[in-house]
Amino acid sequence: MRISRFFMPVLRDAPSEAEIVSHRLMLRAGMIRQSSSGIYSWLPMGLKVLNNISQIVREEQDKAGAVELLMPTIQSADLWRESERYEAYGAEMLRIKDRHGREMLYGPTNEELITTLFRDGAHSYRDVPCTLYHVQWKFRDEIRPRFGVMRGREFLMKDAYSFDLTKEDAKKSFNRMFVAYLRTFERLGLTAIPMQAETGPIGGDLSYEFIILAKTGESEVFCHKDLLDLKAPENVNYDSDLEPVMAPWLEKYAATEDVHDADRFASEVPRDKQISARGIEVGQVFLFGDKYNEPMKCAVQGPDGKLTTLQSGSYGIGVSRLVGAIIEASHDEAGIIWPQSIAPFKIGLLNLKVGDKDTDAACESLYEQLQSMGQTVLYDDSKERAGGKFKTMDLIGLPWQIIAGPRSVKAGKVELKNRASGEATELGLDEVINFFVTKSTDSPSTGTGRKSTES
RNA sequence: CGGGGCGUGGCGCAGCCUGGUAGCGCACCUGGUUUGGGACCAGGGGGUCGGAGGUUCGAAUCCUCUCGCCCCGACCA
């Protein structure tokens with residue numbers, strides 16, 4: 001993409017409405033614009049990140065055996081009366097009427113809908129286990145939206161729902177999602193720790209929140225330091241027993257403030273390993289049994305011919321919130337530092353002197369070649385001065401910068417800079433191409449180890 | 001909803017107290033000089049001062065009502 005044809009309104013000063021760093025940076029980098037309180041337009045730069053995150057989430061859901069569908073944003077009030085949540089949900093639910101005066105609502109979640117769909121579509125024990133998910137916009141009319149996209153009213157969320165015949169099987173489905181989450185967050189470049197959490201109004205017996213640590217986190221969390229160093233499992237066989245895979249995370253103390261047990265924390269975790277910090281919740285897994293299946297009569301016929309109410313769980317990932325959360329966890333004074341896996345573009349190509357024949361030619365050639373190799377490149381072909389281009393590129397945080405000015409190009413070289421480490425080297429034009437040939441396009445690493453991948 | 005604050009060009013702000021017909025920085029356009037970490041000079045475009053009503057010869061400024069937004073709290077992915 002050429003900057004001259006892109007839409008990326010960057011701001012030198014952050015609008016006064018923004019308080020926390022991720023919100024300020026998203027506004028400044030031209031990723032979002034507020035439409036009204038807690039509701040945002042996603043500009044091209046922001047949308048690319050949002051889509052990249054969704055893509056990784058989908059891939060890991062699919063690997064874990066979940067099946068994607070898409071449910072509507074607008075739901076009927078009657079559906080919610082059936083589960084008796086219409087009155088219970090309160091003012092957070094945005095209620096609307098259609099032209100016939102029928103009561104509708106903008107879905108804050110989808111348990112009712114999915115339960116109806118599955119109930120009507122599944123009749124035999126042979127239809128389970130089944131885990132369905134979708135990635136869809138939701139609306140919760142928060143009393144006070146804040147922190148930009150981290151606590152908006154309208155938000156994009158992946159939610160999955162599992163259906164099983166027995167509690168034991170439901171636990172297995174739960175485990176699959178748990179492991180899929182470990183992998184998903186790792187691929188997003190995050191250290192997310194599963195922590196015991198309150199089951200809340202959705203109810204149920206087993207619940208973990210996946211938390212990333214950040215000063216701007218909304219809640220107080222407590223955990224064992226070693227949990228920060230665990231690596232997500234690779235090549236998972238989702239048909240196997242996953243309890244051993246999960247064990248490293250479950251055997252060490254980790255809890256949110258709601259369920260925190262100070263005595264246990266003190267006795268189970270050595271003093272120098274005790275972490276108490278602020279955390280941002282980026283995902284949650286729940287096992288709630290027959291809470292919705294019972295009232296909504298979601299049951300199948302078992303092998304014994306008897307009608308059996310199904311056992312369920314639900315599993316959410318806050319996709320739009322993750323954009324803000326990742327920035328909170330990955331930025332510096334100059335701007336955003338995108339993990340490679342979700343960067344809107346992998347490479348920023350800076351032409352320091354547009355109009356200089358040699359520099360233009362070198363940039364055009366690099367741009368064409370890199371793109372034909374499948375690399376995503378944002379080519380700054382604008383007439384802006386060098387200093388401004390550097391500042392903008394650092395702000396938007398693309399993992400790699402290729403800097404081409406008349407001086408270096410005359411010597412047949414350009415500069416390759418790593419945004420995360422700041423490390424920069426002069427390379428020949430073909431050397432730069434080679435570097436990206438050997439580099440996987442969707443590596444989840446933040447890419448500081450350039451030397452090792454270079455050879 | 002309780003408490004606090006703010007709405008003036010795209011962004012950041014001044015002007016308001018003490019009414020006199022709107023200003024600064026950045027961004028934008030034109031020309032010139034510059035050109036590797038947010039240059040300089042000159043010229044220019046853009047604002048019904050959130051909205052409605054009122055007071056007044058005259059309102060960004062005073063009064064009333066209203067809408068929006070932000071921060072703290074209760075609530076939440």
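Throughout, protein chains are lettered first and strands after them, A, B, ... in sequence-line order, and every chain is numbered starting at 1.
- Among the heavy atoms of the strands lying under 4.0 Å from A:G387 are primed sugar atoms or P, OP1, OP2 only; no base atom is included.
- Taking only side-chain atoms of A:K391, from C-beta outward, the nucleotide of B:G37, B:A39, B:G12 with the closest atom is B:G37.
- As rounded to whole Å, 16 Å separates atom P of B:A77 from atom CZ of A:F139.
- Computed from coordinates, the A:L350 CG to B:G37 C1' distance equals 11 Å when rounded to whole Å.
- Atom OH of A:Y208 and atom P of B:A77 are 18 Å apart (whole Å).
- OP1 or OP2 of B:U35 has not a single side-chain nitrogen or oxygen of A:R385 nearer than 4.0 Å.
- Residue-to-nucleotide contacts include no donor-acceptor pair under 3.5 Å from the side chain of A:R12 to the base of B:A27.
- In this entry B:G43 has B:C29 as its Watson-Crick or G-U wobble partner, both defining distances falling under 3.5 Å.
- Shown here, B:C69 forms a base pair with B:G5; the pair counts as Watson-Crick or G-U wobble because both key distances fall under 3.5 Å.
- Judged by Watson-Crick or G-U wobble contacts below 3.5 Å, the nucleotide B:U56 has no partner.
- A:L132 has its side chain within reach of A:F118: a pair of non-hydrogen atoms, C-beta onward, lies under 4.5 Å apart.
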Can you give one letter per nucleotide of nucleotides 4-10 of chain B, going 5' to 3': B for a protein heavy atom under 4.0 Å from the base, S for sugar-phosphate only, - for none?
-------
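- Evaluation of the ring-ring contact (aromatic ring centres under 6.0 Å, His included) rule for A:Y86 yields no partner, not counting sequence neighbours.
- At a cut-off of 3.5 angstrom, the base of B:C75 holds no donor-acceptor pair with the side chain of A:R140.
- The residue A:Q34 sits close only to the backbone: its heavy atoms come under 4.0 Å of sugar-phosphate atoms, none of a base.
- Look at A:S320 and you won't find any side-chain N or O under 4.0 angstrom from OP1 or OP2 of B:A77.
- A donor-acceptor contact under 3.5 angstrom links the side-chain atoms of A:S408 to the base of B:G36.
- Legend: residues meeting side-chain contact (heavy atoms from CB on, under 4.5 Å) with A:D258, ordered by chain and number and at least two apart, are A:E198, A:T256.
- Taking atom CD1 of residue A:I143 and atom P of nucleotide B:G3, one finds them 16 Å apart after rounding to whole Å.
- A:A14 comes within 4.0 angstrom of sugar-phosphate atoms only, judged by non-hydrogen atoms across all strands, and of no base.
- Between the P atom of B:A77 and the CZ atom of A:R146 lies a distance of 14 Å, rounded to the nearest Å.
- One side chain, A:Q401 or A:D394, offers a donor N or O that lies under 3.5 Å from an acceptor on the other.
- Distance CZ (A:R153) to C1' (B:C69): 11 Å, rounded to an integer number of Å.
- Phosphate contact (OP1/OP2 of B:C70, side-chain N/O of A:S16, threshold under 4.0 Å): absent.
- The partner of B:U35, taking Watson-Crick or G-U wobble pairs whose two distances both stay under 3.5 Å, does not exist in any strand shown.
- Across all strands shown, B:G23 forms a Watson-Crick or G-U wobble pair with B:C13, both key distances being under 3.5 Å.
- Nearest nucleotide to the A:S37 side chain, out of B:C11, B:C69, B:U35: B:C69.
- If you check B:U61 for Watson-Crick or wobble pairing at under 3.5 angstrom, you find it has no partner at all.
- Considering A:F210, A:W249, A:F286 in turn, A:F210 is the only one that fulfils the ring-ring contact (aromatic ring centres under 6.0 Å, His included) rule with A:F178.
- For A:R144 and B:C72, the shortest distance from a side-chain N or O to OP1 or OP2 is below 4.0 Å.
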